[in-house]
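What follows is one structure encoded as C-alpha cells, with my remarks underneath.
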Amino acid sequence: MNVIVKIAGSIVFVFLCGCNVQPGGKLKKEQWVLGGFERPRGINPIIEPDTSSVFYDPILKKEIRWEDNDTFNPAAVVRGDSVYVIYRAEDRTGKAIGHRTSRLGLAASADGIHFERLKTPVFYPAPDEQQDNEWPGGTEDPRLAQTEDGRFVLFYTQWNRKVPRLGLAISTDLKHWTKYGPIFKKSKNRPTLVDEPHKSASIVTVMKGNRQVIAKINGKYWLYWGEHGVYGATSDNLIDWEPVTDKKGALIAFISPRDGYFDSSLTECYHTTPILDNCINV
C-alpha cells in the first residue's frame, strides 16, 4: 500500500510493503510468518537473569541486584567484528512486570551466540533531569540504531508508573549515554502528546555498504511508533520529533489492529524499519 503524507508544505510518498491476501482478505500463515530461522541446540537462553550482578543505585543510594528477576527485550547492533546487545533487566522490587524497576545492560559477542556481559547497567534512572519521567519504573524496551557517522541512537520507554513516554539518548561507545528526554517534548503538531501514553519507536534505516544506518527521506528522519496503531513521526535533528497528524492535530495511523486477524490486539513495529528494494518495510 502507498501512503501520502504532507509535511511542511511538501508531499512525501511513503511506501509500506504489505503481503498478498487471499480472496476475502484473509492471510495464509506462510504469507506473514517469518521463516528460515533455526534455534541452536543447547544455547538458549543466551542472556538470562543473574543474581550475582550488583549495582549501586544512585537514587536508592544502596546496592541492588539489578538483573536478578528478568532479562528480555534486547536490541542489537554490529560494531567492528562483534555483536552488541542492549537488553532490559528487572530487579525484584515488585510483584509483576512493569511494577519493578528496569535498567539496561550491555553484552557483546564475537559469534552472535556466546555473550560476555557487563556486571553493571549502562543505562538507568538517575538523579538527573529525566528522573521524574523514569522513576520508579525505569528505562525499558531499548530500540537501537546507528548514524552514518558512527553515533548510536537509543529510543526507549521512560516509565514513571504514570505515563509511558518515548525517550532518546545518544552514545559513541554504547557505554556512556547522553539523555535528551521525551522525543515529543517540543511538538507543535500535537503539544499534548508528550503527556499521553506512547512507546515503541522504529526508526527508518538503509544499508550503506555492509552497514545498516539511519536514513533520511526527503531531508528528514522518519520513525514509526505506537502499540495500538502504527503512527509516524519526523525529525530534522534526531532529537526533537513531530508526529504525523491531520489538519486537526489528530494522529494518523498507517496500520491499525484488525478484528479476526493475527494482529487483532496489537500492532507494534520492530526495532528498526529498513528500506529494502526502494520500499519501507514495516
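Numbering of residues begins at 1 and proceeds along the displayed sequence. Computation of the quantities below employed the complete heavy-atom set of this structure, encompassing side-chain atoms and omitting hydrogens, waters and symmetry-equivalent molecules.
- Using modelled atom types and a 3.5 Å distance limit, the side chains of Ser102 and Arg88 yield a donor-acceptor pair.
- Put simply, the side chain of Ser53 does not reach to within 4.5 Å of the side chain of Asp68, judged on heavy atoms.
- Under the 4.5 Å side-chain criterion, counting only non-hydrogen atoms from C-beta, Val77 is not in contact with Val83.
- A salt bridge does not link Arg65 to Asp50: none of the charged side-chain nitrogens sits closer than 4.0 Å to a carboxylate oxygen.
- We find that Arg190 and Glu196 are joined by a salt bridge, their nearest charged nitrogen and carboxylate oxygen being less than 4.0 Å apart.
- Contact annotation: the side chain of Arg165 approaches that of Asp195 to within less than 4.5 Å [non-hydrogen atoms, C-beta and beyond].
- Using a 4.5 Å heavy-atom cutoff, the side chains of Arg161 and Thr101 are in contact.
- A salt bridge between Arg143 and Asp141 is absent, with no side-chain N of the basic residue lying under 4.0 Å from a carboxylate O of the acidic one.
- Environment of OH in Tyr124: sparse, with no more than 12 heavy atoms of neighbouring residues, nucleotides or ligands closer than 6.0 Å.
- Between Arg100 and Asp91 there is no salt bridge, since none of the side-chain N atoms of the basic residue sits less than 4.0 Å from a carboxylate O of the acidic one.
- Under a cut-off of 6.0 angstrom, the local environment of CG in Asp149 is crowded, with over 12 non-hydrogen atoms contributed by other residues, nucleotides or ligands.
- Annotation: side chain of Leu104 is in contact with side chain of Leu154 (closest heavy-atom distance under 4.5 Å).
- In this pair, Tyr156 and Phe123 present their aromatic rings perpendicular. The plane angle is above 60°, beyond the 30 to 60° band.
- Looking at Lys62 and Asp57, no side-chain N of the basic residue comes within less than 4.0 Å of a carboxylate O on the acidic one, giving no salt bridge.
- Dense packing is recorded around OH of Tyr56, with more than 12 heavy atoms of other residues, nucleotides or ligands lying under 6.0 Å away.
- In this structure, Glu148 does not pair ionically with Arg211, as no charged nitrogen and carboxylate oxygen lie closer than 4.0 Å.
- Looking only at side-chain heavy atoms (C-beta outward), Thr139 and Pro125 come within less than 4.5 Å of each other.
- Using the six-membered ring where Trp is involved, Trp66 and Phe55 have ring planes that are perpendicular, over 60° apart on the 30 and 60° scheme.
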Worked verdict on Arg117 versus Glu67 for salt bridge (charged side-chain N to carboxylate O under 4.0 Å, His left out) = CA-CA 11 Å; Arg117 297 151 62 176; Glu67 59 176 350; 2.9 Å; yes
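- A donor-acceptor pair under 3.5 Å links the side-chain atoms of Glu242 to the main chain of Asn189, judged by distance alone.
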